[in-house]
Participant: 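Quick one: structure below, then a few questions.
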There are 2 protein chains.
Amino acid sequence: MTETASRPTLEAVAERAGVSRATVSRVVNGGDGVREPLVERVRQAVEELGYVPNQAARSLVTKRHDAVAVVIAEPETRVFADPFFALQLRGISKELTAHDNQLVLLLTEGRDDHARVARYLAGGHVDGALVFSLHLDDPLPGLIQGAGVPTVFGGRPGWSDGTRDVVYVDSDNRGGARDAVRLLAGLGRTRIAHITGPLDQTSAADRLDGYREVMGDADPGLVVESDFTPGGGERAMRALLERCPDVDAVFAANDLTAAGAVRVLRERGRRVPEDVAVVGFDDMMPVAEQTDPPLTTVRQDIEEMGRIMARLLLRRLERRTADGAAGGADGSDAPVVLPTTLVRRASA
Amino acid sequence: MTETASRPTLEAVAERAGVSRATVSRVVNGGDGVREPLVERVRQAVEELGYVPNQAARSLVTKRHDAVAVVIAEPETRVFADPFFALQLRGISKELTAHDNQLVLLLTEGRDDHARVARYLAGGHVDGALVFSLHLDDPLPGLIQGAGVPTVFGGRPGWSDGTRDVVYVDSDNRGGARDAVRLLAGLGRTRIAHITGPLDQTSAADRLDGYREVMGDADPGLVVESDFTPGGGERAMRALLERCPDVDAVFAANDLTAAGAVRVLRERGRRVPEDVAVVGFDDMMPVAEQTDPPLTTVRQDIEEMGRIMARLLLRRLERRTADGAAGGADGSDAPVVLPTTLVRRASA
DNA sequence: GTGAAAGCGCTAACAG
DNA sequence: CTGTTAGCGCTTTCAC
């Protein structure tokens, strides 16, 4: 049973429908300018033969792929431990498939992979790229920009030189942090500490900036650097308690960290929020609601971020096609910063 | 600045190297049967021009894509909340890129997407598929098998009819469960409860089976159905405590659930493991080590599962290519069940 | 060993 | 409106 019977081609459909290849092509691609009866005949032939266009052949002539790469750099994969990227991927996937684009996932593990990714992107396999790389020293973004592929970044890239006009989508980390700290201050707290994330990531750095904006020249001992993990949150909280036993509020850089901090606080007999109020960041569903007490936190809509990233890229690609391949980052491309919202629960 | 300067083609390289397109092609594809000096000349030209082969053109003739789809069905995406898929994806990605294959991620959100995915797979965009669908009633696997694309499943598919010869990679859920329960029994526990996962997933069902194998005709009241979440674990534990206050051990279907159970236990003043011993499943790093006390659990190597899935598929594709497109699931394709290992920590 | 030539399946002018 | 005609960039016989 040599069932391989290679897929039917345009030619086959044309023959069966008694028309030319060109007509079939037109129908398959929307059917504009083809008279109804013919359209119908072709549709039927397509149906009967189970015709599916060969993407490779199509790409070869159109130079489009209807595919977008999502690049997640190694240091981030770790972060898979929280649902952050999964949610973002979902948002991206939804938007992409809504526009008939495929998602090609590129995970990198260190330097060697950088070259591979750059080559792949430069190789014109995909129409554009969505890149997550939020570390100050990451060479990947540079390589990718070099590859000349339209790109949108997830999160503000951490380049020292702010001159390049990159398009990115980010949450208003700074503003969210300000809101959190202001809430705490408004509650009458005066010794407000901050447990940061890894400061080589812009999100963490921006949250720290927000904290500082509100706190002014407060005791620097109130700031402890941590790493976005629950374990890190615990360690940081212990250090904090040691250093500033009079701390009466904590703004943690994310919910995971906040959860760790709360655990230590209760272990040490401090009541939350009576003795120490705690605010987190993210509003990750399983975490923020599961802690005891449930976390007051700064919500960012991760899935929406993903969706917007995809939308931005797709729009750019569209424009590029229309413009006759000019389409660099013209005026209408600008970073998008999504607002955050404070979600009040029981911890502050 | 019309910087578009379309990528250099084989032709361009050939001209620059002073050879024919065919020769360049040979060199680019391994360079067998081309004399050293020429190889060198071509390599140089490639380098200078920054030539990267056009995959679409290549696929058009070879009918290979060096791309594999990973399909994750809706009900699973939820599970993104634990790092399970992320790890699996990593394993897959590593293996795939090691063999120069791309990973095309297909996330589905309900029925409509099924058709889309089936069409995509049938459309011959990828050489094979890796599919995660572990629910009893999921129609997707059937559709995919219908599409005629070589496929390897992640986890034992939950079909009632076991007749189809599917290839899948799974952990030894049943064996792991047996080990867990035997450990508990060996500790002298007699009232060993089981908090299950969602029983429409084969992993959960298999773990329950393992539990029952060891427990024989124990009190059925000791089994509580749950959902793999911490919150579910808490609810289940409360119900259990109500129903069987004399429970002295719990085997939870995963670590998240175990963590929830432990929390409730301590809340109710039962010491772990003295009063109630607890064993989890998965050995998810952030969870199992963070709980207090750290969880004794059944480890499965998720990343390795992913890697093996990819390896299996790749091997099959290779064989298929060699065989001249025959390569159905011949004898050498069989499900792979990976062993689990008991990790002893403090909770039992 | 190396080159010439034929196409893979499709789209995009261009005629008619 | 519809058909005809060129290729897109690459691999692959088949001669040389």
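Lettering of chains follows the sequences in order, A, B, ..., and the numbering in each one begins at 1. What's counted below: heavy atoms across the whole structure, side chains too, no hydrogens, waters or symmetry copies.
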Participant: So, using side chain to side chain donor-acceptor pair (under 3.5 Å) as the criterion, who are the partners of A:Gln88 when residues are at least two apart?
Facilitator: none
Participant: Name all residues meeting the salt bridge (Lys or Arg N to Asp or Glu O under 4.0 Å) criterion together with A:Glu304; count only those two or more places apart in sequence or in a different chain, and write none if there are none.
Facilitator: A:Arg307
Participant: Can you list everything that forms a salt bridge (Lys or Arg N to Asp or Glu O under 4.0 Å) with A:Glu11? Sequence neighbours excluded, please.
Facilitator: A:Arg21
Participant: Taking side chain to side chain donor-acceptor pair (under 3.5 Å) as the definition, give me every residue that meets it alongside B:His65, ordered by chain and number, with sequence neighbours left out.
Facilitator: B:Asp127
Participant: Mind checking which nucleotides bracket the chain B contacts on DNA chain D, 5' to 3', with an atom under 4.0 Å from a heavy atom?
Facilitator: D:dG9 to D:dT13
Participant: Can you list the residues that meet the side chain to side chain donor-acceptor pair (under 3.5 Å) rule with B:Ser20, with sequence neighbours excluded?
Facilitator: B:Thr23
Participant: For the helix from C:dG1-D:dC16 to C:dG16-D:dC1, how many degrees between its two end axes (five pairs per end), to the nearest 10°?
Facilitator: 30°
Participant: Go through the structure and list residues passing salt bridge (Lys or Arg N to Asp or Glu O under 4.0 Å) with A:Lys94, not counting sequence neighbours.
Facilitator: A:Glu303
Participant: Apply salt bridge (Lys or Arg N to Asp or Glu O under 4.0 Å) to B:Arg41 and list each qualifying residue two or more places apart in sequence or on a separate chain.
Facilitator: none
Participant: In whole angstrom, what separates A:Arg7's CZ from C:dC10's C1'?
Facilitator: 15 Å
Participant: Let's see if you get this right: which residues in residues 33-55 of chain A place a heavy atom under 4.0 Å from DNA chain D?
Facilitator: A:Gly33, A:Val34, A:Arg35, A:Leu38
Participant: Which atom pairs link the protein and nucleotides 13-16 of chain C when you take only N or O atoms and keep those under 3.5 Å?
Facilitator:
| residue | atom | partner | partner atom | Å |
| --- | --- | --- | --- | --- |
| C:dA13 | N6 | A:Arg26 | NH2 | 3.4 |

Participant: Side chains of residues 44-52 of chain A: which donor-acceptor partners sit under 3.5 Å, not counting sequence neighbours?
Facilitator:
| residue | atom | partner | partner atom | Å |
| --- | --- | --- | --- | --- |
| A:Gln44 | NE2 | A:Glu48 | OE2 | 3.3 |
| A:Glu48 | OE1 | A:Arg16 | NE | 2.4 |
| A:Glu48 | OE1 | A:Arg16 | NH2 | 2.8 |

